[in-house]
Amino acid sequence: MRICIANSVGVSARGEHFIHFPSRWTALVGTEKGFTYYPYELAYLSSLLKRDTLHDVKLIDGNLLQLNAAAYSQRLLEYRPEVLIMEPSTVTFEDDLAVARTLQHTCGTKIIFVGPHASAFPAETVAEGIDYVCIGEYEYTVLDIVCGKPKEQILGLYPNARRPLLDINSLPFPEDTDISRWDYINIAGSDYKEIEMFASRGCPMSCVFCVCRHLYYGIPNWRPRSVASLIEEITYLRNKYPSMEGIFFDEEDHNAHKPFIMSLTAAIKEAGLDDLKYNAMCGYWSLDKEMMTAMRSAGYYKLRIGIETASEVVACAMKKKIDIPRLITVLKIARGIGMKMYGTFTIGAPEATEKEDLKTVRLIRDLVRQGLLNDLQISICTPQPGTPFYQWAQARGYLQSTDWRDYDGARRSLLIIRSIPRKPFKRFFGWLMKCIIPSWQAAR
Ligand code: SF4
């Protein structure tokens, strides 16, 4: 059987480019091409299907190729797949659906939709004509489908119950033949030629806006890969791509478990891989001096942390742990050992008001002025369907749009924010950025 695994479209029907990251969130970046994240869940699926079946499996990345729905459909039709698997996020849903329908109608392809939007609206997705909808983490669900297991016995296949979370050590290394991992090295915030890797899955927290926590996993969790397998993968990548300068550990929470980090950093040094540069998505609540020093000495040069808000009111509504004194302690340790810190923030979150979001703006300004943050990212908190944030906003009548193409988190708030009734949110966001940018430019 010919199976095509297809990342989402790269360009919308409106001509805007997508930066697609379905288990986090997908952003629209205007008419200029952005960068492309390695589609790691689909890439794991691809290598799993190649390892465990005899089907003819091909992964094609229309997001990397920056194709719109029409061009992408033509590209996929060349392969005439009998099965097509796609992972749309909410903002790409309409365009991905157009691609799927073209293949369905032209060559009778069976369509499997996985990922956040289909998990949030499985019945509606089936009603759109999609043959199979997988809920949550999907690698083994899709494997069961293409192996012909009876539908009613497949956990994770709508309308059956969810599948237990998978053992990530049972997966092969992700796809690196049909697509090259080298083609994804230009991620924003990476200072070197870094290849994305995933050392763990999951997060013990439950932020209300989090797509992977609520749509993919369903429960708080954290699953590390074996250190031996990580060393083997880094070595493999280094040998295959000699120009590689580093690794970006782009999972949800690289440092959730201190013994894991201590053992990984020791193994990196022992394997002589500490001349590479490492960049990692971390949680600041579990960072301490011993862990950060071990990371720095193993080649880690940048940690990306989700700070999100300085408002207790917003943090409580987000179910996000904040501890500003601890944050500042961690940032000072980082500065002392030469570790760069990249902070992410969000405004327009549940219970956000002008007064509460200004606390976040002031914190950003202070951290930048003190030289405690090297990079920052500010997003507009977007109520992604299937998250408690979406349900909260919907129940209160705060959602301003149900046009899925608006759910991108980069351009405007989808909420009617209390206390900001007079200013369109875009103007409010622009004004907040003006408060921050001068300090940022001065600090740099
Ligand atoms: S800390 Fe990050 S990964 Fe964890 S639940 Fe919150 S947003 Fe999701």
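Predicted model, so just to flag it, every value in this text is computed and none were measured. For ligands, and for the atoms within them, numbers begin at 1 and follow the listed sequence.
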The atoms of ligand 1 lying under 4.0 Å from a heavy atom of Lys320, numbered in the order shown, are 1 (S)

Applying the side chain to side chain contact (heavy atoms under 4.5 Å, CB included) criterion to Ser8, which one of Thr92, Leu42, Val99 satisfies it? Thr92

Quick check, are the ring centers of Trp392 and Phe209 under 6.0 angstrom apart? no

Protein contact for atom 2 (Fe) of ligand 1 (heavy atom, distance under 4.0 Å): no

Anything protein N/O/S under 2.8 Å from atom 4 (Fe) of ligand 1? Just list residue and atom, please. Cys203 SG

Check step by step if side chain to side chain donor-acceptor pair (under 3.5 Å) holds for Tyr236 and Asp176. CA-CA 11 Å; Tyr236 154 78; Asp176 192 28; 2.5 Å; yes

Any salt bridge between Asp167 and Arg201, counting N to O under 4.0 Å? no

Does Glu252 pair with Arg213 as a salt bridge, N-O distance under 4.0 Å? no

Check for me whether Glu308 has a heavy atom closer than 4.0 Å to any atom of ligand 1. no

What atoms in ligand 1 come closer than 4.0 Å to a heavy atom of Phe209? 7 (S)

Could you tell me how the ring of Phe121 sits relative to the ring of His117: parallel (under 30°), tilted (30 to 60°) or perpendicular (over 60°)? tilted

Only counting residues at least two apart or in another chain, list the ones meeting ring-ring contact (aromatic ring centres under 6.0 Å, His included) with His254. Phe249, Tyr300

Less than 6.0 angstrom from the centroid, inside 45 degrees of the normal: does Arg181 satisfy that with respect to the ring of Tyr40? no

